[in-house]
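Here the structure is laid out as structure tokens; the discussion comes afterwards.
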Amino acid sequence: MQPVADTKLYAAHIEELQRRYDSALENARLDAVVIGAGQPAPVYLDDQHLPFKPNPHLVQWAPLLKHPDSILRYRQGGMPDLLVFEPEDFWLRNSPVPEFIKDGPLNVQLVGNGHSLLEHVKEMPARTAFVGEIREQEDSFGLKRVNPQKLLDELHFGRAIKTPWEVECLRHANYQAIRGHLAAEVCFNEGGCEYDIQLAFRTACRITDEEMPYPAIVAANEHAATLHYQHLDRKSVDNLSLLIDAGCAVHGYASDVTRTYSYDPVFGSMIEAMHELQRELCTSAVPGADFRELHIAAHHSIATLLREVGVTDISPEEAVETTVSRTFFPHGLGHFLGLQVHDVGALLASAKGDEMPVPDNDPYLRLTRILEPGNIVTVEPGLYFIDMLLEKLRATPEGKCVNWDQVNELRQFGGIRIEDNLHITESGNENLTREAFAAAVMN
Ligand code: GLY
Ligand code: MN
Ligand code: MN
């Protein structure tokens, strides 16, 4: 289901893209750009292809998610042309082009096998760049300027500020994902195994596996300690806890939502405490906030919780200072979200491509920018019992500050992550995920 088709918002979005491309082309000394959708990668020694993942730069102009080989041409100051490739083929049939794209501000033209796309590129000015993946030399239509870094840096920097159309897509991607999360929770409560729970999520969202914006993480019990756990158990066991990280995409814009559930009263109260500290962190995700500082604030909150539940006996300051808290929270607090789940531009200090460095102690932090209105970010603190990291900590002097009996009690639950998607506004933020949960409960 693709609910957002607001033609006014879409038209305003295209106008904003024209402004952004005009500036980026000017600064990169270019006259025009040809953006290729790309092709699905072939499977080695086979006549099949891997699922098609279109070039996000093309999807930003036109959400054509299943039209390989299509292109978009844009001349500085001109109107964008979308050339939709429609194979004349009795083996394949493309999905229809949505009406709001056909009737929208782009010049849309269908191009079949008989009409070479090359002909449409030949008319372009000399200083035309190609933006897209190049697998074969001819993929760039003979254009010499391929993915110029200067152009990409400005475009990627700009993608951090979502247009109102993009925010609506992300809002609906949350509504859709929350239907799946509620169904997944019911399935877990009814004793479903990981495979059943993933299927319950997809069925409620009405999406195929390939339409998921990222492979869902459905991890029961100790499996939640593997951060990107992918194996789906197909047998029902007595699951005591569940971590589910799953999203949907609307017109290519992804939601990225995690919830954790448990029947165990002690672990259940830790989940509640994580919700509370996550909500508290969300209140600080406002314009002007430095995401690196928010990440450190998350470590302090998690270190406080670890001491409160008796896992450690040192002060939160010491736990953060000595990096003990990194054993339990080894990933970043969040990232930009958009056409890519870990969206581009999150480490850029300016449109010129200079980077804001990732702190030495936090190599997995994916967002170092100062927050601005129009950003969409995830806020996803976690607390895990990861054997590999625990063993390392145990072998150091800091290992003495850990109550290992308590850790052994909690290992069976794997871990907790609570992840919401926030739209940073002029006055603070909108929590798209919690709003979607609240709306679903009212219906
Ligand atoms: N689902 C991947 C992440 O949370 O970043
Ligand atoms: Mn995430
Ligand atoms: Mn996630």
Side-chain angles (χ1 to χ4, degrees), residues 1-14 16-17 37 51-67 70 82 94-106 159-184 201-216 244-259 335-344 374-378 419-424 430-440 443:
M1 191 177 71
Q2 301 290 342
V4 185
D6 183 315
T7 51
K8 275 205 191 110
L9 279 187
Y10 180 58
H13 167 77
I14 296 298
E16 173 62 16
L17 286 189
F52 174 57
K53 300 282 175 193
N55 178 355
H57 286 290
L58 185 125
V59 178
Q60 195 181 22
W61 286 97
L64 283 185
L65 304 174
K66 296 179 180 172
H67 290 76
S70 298
L82 177 66
N94 268 352
S95 314
V97 179
E99 294 301 319
F100 77 91
I101 299 182
K102 269 202 222 155
D103 303 337
L106 308 179
R159 266 181 44 195
I161 309 291
K162 269 58 185 180
T163 65
W165 154 262
E166 292 178 306
V167 174
E168 277 316 288
C169 291
L170 285 150
R171 188 187 310 282
H172 281 270
N174 269 271
Y175 280 127
Q176 198 173 337
I178 271 38
R179 282 202 287 277
H181 274 276
L182 293 174
F201 177 90
R202 282 204 287 114
T203 304
C205 300
R206 300 188 66 74
I207 54 172
T208 66
D209 224 356
E210 289 180 8
E211 286 166 344
M212 299 195 107
Y214 60 92
I244 171 166
D245 181 344
C248 288
V250 167
H251 297 320
Y253 292 87
S255 52
D256 178 9
V257 175
T258 310
R259 287 295 182 262
H335 48 86
F336 278 162
L337 187 65
L339 289 164
Q340 285 155 260
V341 176
H342 297 152
D343 214 12
V344 291
N375 291 159
I376 304 269
V377 300
T378 68
E419 178 176 26
D420 290 345
N421 305 164
L422 269 58
H423 169 215
I424 310 301
E430 270 187 293
N431 188 322
L432 303 179
T433 308
R434 289 191 187 267
E435 274 175 18
F437 269 112
N443 281 332

query = Are His342 and Phe336 close enough that their ring centers fall under 6.0 Å?
reply = no
inquiry  = Does Lys66 have more than 12 heavy atoms from other residues, nucleotides or ligands lying within 6.0 Å of its NZ?
reply    = no
inquiry  = Using a strict threshold of under 4.0 Å (side-chain N to carboxylate O), is an ion pair present between Glu435 and Arg171?
reply    = yes
message = Is it true that Asn174 and Thr433 share a donor-acceptor pair across their side chains at a distance under 3.5 Å?
response = yes
query = Are the side chain of His181 and the backbone of Ala246 linked by a donor-acceptor contact shorter than 3.5 Å?
reply = yes
inquiry  = Is it the case that the side chain of His13 and the backbone of Trp61 share a donor-acceptor pair, with hydrogens and angles ignored and the cut-off at 3.5 Å?
reply    = no
query = Without hydrogens or angle criteria, can the side chains of Arg206 and Gln176 be said to hold a donor-acceptor pair below 3.5 Å?
reply = no
request  = Provide the closest heavy-atom pair for Pro63 versus Phe100 in the form atom of the first, atom of the second, distance.
outcome  = CG-CZ, 3.9 Å
ask   = Shortest non-hydrogen contact from Ala62 to Leu82?
value = CB-CD2, 3.7 Å
query = Shortest non-hydrogen contact from Leu170 to Lys162?
reply = CD1-CG, 4.0 Å
key: His67/Val97 under side chain to side chain contact (heavy atoms under 4.5 Å, CB included): CA gap, chis, key distance, verdict   = CA-CA 9 Å; His67 290 76; Val97 179; 3.9 Å; yes
ask   = Are Arg159 and Pro56 close enough that some pair of their side-chain heavy atoms sits under 4.5 Å apart?
value = yes
remark   = CG (Leu9) and CD1 (Ile14) are apart, to the nearest 0.5 Å, by 12.0 Å
Val59/Leu64 under side chain to side chain contact (heavy atoms under 4.5 Å, CB included): CA gap, chis, key distance, verdict = CA-CA 6 Å; Val59 178; Leu64 283 185; over 6 Å; no
inquiry  = I'd like to know if the side chain of Ser255 reaches the main chain of Ala177, judged simply by a donor and an acceptor atom lying under 3.5 Å from each other, with no hydrogens or angles considered.
reply    = no
request  = Could you tell me how the ring of His251 sits relative to the ring of Trp165: parallel (under 30°), tilted (30 to 60°) or perpendicular (over 60°)?
outcome  = parallel
task = Might you work through the side chain to side chain contact (heavy atoms under 4.5 Å, CB included) test for Asp420 and Leu432, ending with a clear yes or no?
result = CA-CA 7 Å; Asp420 290 345; Leu432 303 179; over 6 Å; no
inquiry  = Under a 4.0 Å threshold between the charged nitrogen and the carboxylate oxygen, would Glu419 count as salt-bridged to Arg259?
reply    = no
query = Can you name the nearest heavy-atom pair linking Ala204 to Ala183, along with the distance?
reply = CB-CB, 3.6 Å
inquiry  = Let me confirm one number: the CG-CD distance from Leu422 to Glu430, rounded to the nearest 0.5 Å.
reply    = 9.0 Å
query = For Ile101, does its backbone N or O pair with a side-chain atom of Tyr10 as donor and acceptor, under 3.5 Å?
reply = no
message = Side chains of Asn375 and His423: any donor to acceptor distance under 3.5 Å?
response = no
task = Could you pull out all residues at least two apart from Asp209 that satisfy side-chain hydrogen bond (donor to acceptor under 3.5 Å, both in side chains)?
result = Gln198
Separation between CG of Asp343 and OG1 of Thr378, rounded to the nearest 0.5 Å = 11.0 Å
inquiry  = Within the 4.5 Å heavy-atom criterion, are Asn421 and Asp256 side-chain neighbours or not?
reply    = yes
query = Hey, what do you get for CD1 (Ile376) to SG (Cys169), rounding to the nearest 0.5 Å?
reply = 10.5 Å
inquiry  = If I compare all heavy atoms of Ala254 with all of Val341, which pair ends up nearest, and what's the gap?
reply    = CB-CG2, 3.9 Å
task = Compare every heavy atom of Ile178 with every heavy atom of Ala440, then report the nearest pair and how far apart it is.
result = CB-CG2, 3.9 Å
SG-CE distance between Cys205 and Met212, expressed to the nearest 0.5 angstrom = 6.5 Å
ask   = Can Leu182 and Phe437 be said to form a side chain to side chain contact (heavy atoms under 4.5 Å, CB included), step by step?
value = CA-CA 8 Å; Leu182 293 174; Phe437 269 112; 3.9 Å; yes
message = What's the separation between atom NE2 in His335 and atom CD in Gln340, rounded to the nearest 0.5 Å?
response = 12.0 Å
request  = Using atom types as modelled and distance alone, determine if a side-chain donor or acceptor of Glu211 lies under 3.5 Å from a backbone N or O of Thr208.
outcome  = yes
request  = Check whether any side-chain heavy atom of Val257 sits under 4.5 Å from a side-chain heavy atom of Asp245, and report yes or no.
outcome  = no
